[in-house]
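One structure is given here, and the rest of the page talks about it.
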Amino acid sequence: MGGLVEGQTAAGGCLCGALRYQLAGPSLFVSQCCCKDCQKATGTGHTTIIGVHRSQLTMEGTPATYTNSGDTGGSVTRHFCGTCGGRLYTSGDLPGEFIMIQAGSLDDPDLIAPESVIYTKDAVTWDRFDPALPQYEAMQPRN
Ligand SMILES: [Zn+2]
Ligand SMILES: [Zn+2]
């Protein structure tokens with residue numbers, strides 16, 4: 001279980017195939033995010049995100065974007081396919097220039113496994129998580 005390791009690459013894309021990407025390891029974290037915005041943006045109980053540095057993502061095609069204000073006041077931009085609506089990644093005013101890839105957009109999502117659950121304060125009662133994973137009320141503290 002865990003994220004992408006150094007030297008590992010993974011391909012992904014949207015549902016219709018108009019947008020494709022290559023992702024280079026290592027990933028910084030893999031989390032299940034239960035925040036309200038992820039619920040609304042995906043129509044599900046949570047989204048699974050892979051944190052990487054911006055430079056580790058190579059996009060083919062230009063995603064549509066939607067920007068709003070995040071939990072900590074900074075802007076958050078969601079990148080998705082304008083044709084099929086498939087979510088690809090999220091960027092924003094985040095420390096360290098990192099972005100969050102939507103794990104379900106990988107061609108092989110089993111390449112990774114969640115390492116933590118974040119924003120449990122917003123989690124819906126019917127969502128279920130591996131009890132072995134560390135859980136955080138909001139963002140996972142990092143150093
Ligand atoms: Zn698409
Ligand atoms: Zn979220």
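Computed from a prediction, not measured in an experiment: that's the story for all the values here. First listed ligand is number 1; within each ligand, the first listed atom is number 1.
The Zn ion (ligand 1) forms the vertex of an angle spanning SG of Cys81 and SG of Cys84; to the nearest 10 degrees it equals 110°.
No more than 12 heavy-atom neighbours from other residues, nucleotides or ligands sit within 6.0 angstrom of CD on Glu137.
Protein N, O or S atom count below 2.8 Å of the Zn ion (ligand 2): the structure gives 3.
With respect to Ile101, the side chain to side chain contact (heavy atoms under 4.5 Å, CB included) criterion is satisfied by exactly one of Leu88, Leu57, Thr90: Leu57.
With 3.5 Å as the limit, one finds no donor-acceptor pair spanning the side chains of Gln135 and Thr120. Counting only N and O atoms by type, the side chains of Ser105 and Tyr21 include a donor and acceptor under 3.5 Å apart.
Shown here are the side chain to side chain donor-acceptor pair (under 3.5 Å) partners of Thr48, two or more places apart in sequence or in another chain: Gln32.
Aromatic ring pairs are classed by plane angle as parallel below 30°, tilted from 30° to 60° and perpendicular above 60°; the pair Phe29 and Phe98 is perpendicular.
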